[in-house]
Amino acid sequence: MSGTIALERDGEIAWVTLSNPGKLNAISAAMWRALAQTFAGLAADTSLRGVVLRGAGGNFAAGADIAEFPQERGDAAAVRRYHVETIAPALAAVADCPHPTVAMIEGVCVGGGLEIASQCDMRIAADDCRFGVPINRLGFPMAPGELQGLLALAGRATTLEILLEGRVFDAAEAREKGLLTRVVPPAALAGEVGATMRRIAAGAPLAARINKATIRRLSPAVPPLTEAELSAHFAYAGSADHAEGVAAFLARRPPKFRGE
């Protein structure tokens with residue numbers, strides 16, 4: 001399986017790195033599972049005061065590793081398992097981390113990369129980054145467990161724009177859309193993230209964890225989708241358009257969608 005999730009410790013700060021060389025850190029199924037396990041371990045470590053989530057090699061992440069789709073999402077049941085049992089728990093683990101989390105964003109941050117960044121408390125990006133969710137070209141929608149974080153961050157109108165157009169946009173526009181906390185020149189990114197983590201670490205860790213928990217409790221919550229709603233959502237998995245979208249991507253050709 002390709003790709004790794006690396007964990008390093010620098011005093012009271014943990015650094016989690018997405019790495020899949022040669023694929024812009026596209027996130028494999030093994031990486032999604034490792035991300036969930038890594039954040040479960042971090043959540044239990046009360047000596048921490050913050051977590052930085054970043055990508056290796058100058059990019060954050062280019063979404064899920066589509067090369068795995070024929071194996072990981074080979075039929076309708078596998079599609080649902082992949083999104084509900086592999087991706088959603090990883091995103092929930094990041095969202096549920098009791099320690100302050102900061103996404104350090106370079107290069108490409110699209111698809112699953114943007115989903116992960118959306119679950120962090122803060123997102124600090126270099127001004128030459130690119131963002132978006134171009135999965136409409138793959139013939140499938142964003143799964144409920146993945147949509148929840150982006151919707152909470154960006155709101156209904158912006159989330160619909162991002163998903164319906166499937167456009168890739170720059171950091172300035174991402175900031176305007178409310179996706180980013182701060183945008184800095186590439187050369188200043190490491191220093192800005194370091195200064196942010198020092199400010200966080202200088203505060204009372206218990207207060208930070210209580211703030212996160214209380215804000216979550218006071219935020220609007222929606223009940224989980226019913227079995228019928230989940231089945232209706234994942235019904236696309238057997239569509240001709242979904243098969244065409246994945247096949248076209250892997251063949252590096254434009255898709256020809258028929259609405260079927």
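These numbers come from a predicted model, not from an experiment. Computation of the quantities below employed the complete heavy-atom set of this structure, encompassing side-chain atoms and omitting hydrogens, waters and symmetry-equivalent molecules.
In this structure, the side chain of E8 does not engage the main chain of W15 through any donor-acceptor pair within 3.5 Å. With hydrogens and angles ignored, the 3.5 Å screen pairs no side-chain donor or acceptor of N20 with any backbone N or O of I27. Under a 3.5 Å cut-off, the side chain of S28 and the backbone N or O of S2 do form a donor-acceptor pair. A donor-acceptor contact shorter than 3.5 Å links the side chain of K212 to the backbone of H99. No donor-acceptor pair under 3.5 Å is formed between the side chain of R137 and the backbone N or O of F249. With R123 contributing its side chain and L179 its backbone, the two residues share a donor-acceptor pair below 3.5 Å. Between the side chain of T17 and the main chain of R54, no donor-acceptor pair closer than 3.5 Å is present. For the pair H83 (side chain) and E146 (backbone), a donor-acceptor distance under 3.5 Å is absent. Put simply, the side chain of E72 never gets that close to the backbone of A29: no donor and acceptor are under 3.5 Å apart. In this structure a side-chain-to-backbone donor-acceptor pair under 3.5 Å is missing from R258 to A240.
Scanning all heavy atoms of the two residues, the minimum distance from G145 to L91 falls at O-CD1, 3.8 Å. When all heavy atoms of A126 and P186 are compared, the pair lying nearest together is CB-CA, 3.8 Å. Among all heavy-atom pairs drawn from D127 and P185, the shortest one is OD2-CA, 3.6 Å. Contact record, A117 with C109: CB-SG, 4.1 Å, taken as the closest heavy-atom pair. When all heavy atoms of A125 and L180 are compared, the closest pair comes out as CB-CD1, 3.8 Å. Summarising the geometry of V183 relative to A171, their closest heavy-atom pair is CG2-O, 4.0 Å, with the distance given to 0.1 Å.
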Pair E192-R199, salt bridge (charged side-chain N to carboxylate O under 4.0 Å, His left out): steps then yes or no: CA-CA 11 Å; E192 183 63 31; R199 289 191 290 268; 3.7 Å; yes
Test side-chain contact (heavy atoms from CB on, under 4.5 Å) on N136 and L164; report intermediate values, then the result. CA-CA 7 Å; N136 62 340; L164 295 180; over 6 Å; no
Candidate pair I116 and W32, rule side-chain contact (heavy atoms from CB on, under 4.5 Å), full reasoning: CA-CA 10 Å; I116 292 171; W32 285 116; 3.7 Å; yes
Verdict with supporting geometry, R216 and S219, side-chain hydrogen bond (donor to acceptor under 3.5 Å, both in side chains): CA-CA 5 Å; R216 175 181 285 267; S219 299; over 6 Å; no
Could you walk me through whether V16 and L35 satisfy the side-chain contact (heavy atoms from CB on, under 4.5 Å) test, starting with their C-alpha distance in whole Å, then the side-chain angles of each, then the deciding distance to 0.1 Å, before giving a yes or no? CA-CA 9 Å; V16 178; L35 186 65; 4.3 Å; yes
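The hydrophobic cluster containing I87 does not contain V110, counting ILVMFWY residues as joined when their side-chain heavy atoms lie under 4.5 angstrom apart, directly or transitively. Both M31 and L42 are assigned to one and the same hydrophobic cluster, defined by single-linkage of ILVMFWY side chains at heavy-atom distances under 4.5 Å.
Counting heavy atoms from C-beta on, the side chains of L163 and P141 never come closer than 4.5 Å. In this structure the side chain of H242 reaches within 4.5 angstrom of the side chain of V79, judged on heavy atoms. Put simply, the side chain of F60 does not reach to within 4.5 Å of the side chain of N25, judged on heavy atoms. Side-chain contact check for M142 versus L151: every heavy-atom pair is 4.5 Å or farther apart. You'll find the side chain of T181 stays beyond 4.5 Å of the side chain of T196, heavy atoms only. You'll find the side chain of L250 reaches within 4.5 Å of the side chain of P70, heavy atoms only. Put simply, the side chain of F39 does not reach to within 4.5 Å of the side chain of I5, judged on heavy atoms. Between M197 and D10 there is no side-chain heavy-atom pair separated by less than 4.5 Å.
By the neighbour-count criterion of 12 heavy atoms within 6.0 Å, atom CZ of R49 is densely surrounded, having more than that number from other residues, nucleotides or ligands.
In this structure, F169 has no ring pair (Phe, Tyr, Trp, His ring centres under 6.0 Å) partners at least two apart in sequence or on a different chain.
Aromatic ring pairs are classed by plane angle as parallel below 30°, tilted from 30° to 60° and perpendicular above 60°; the pair F140 and Y236 is parallel.
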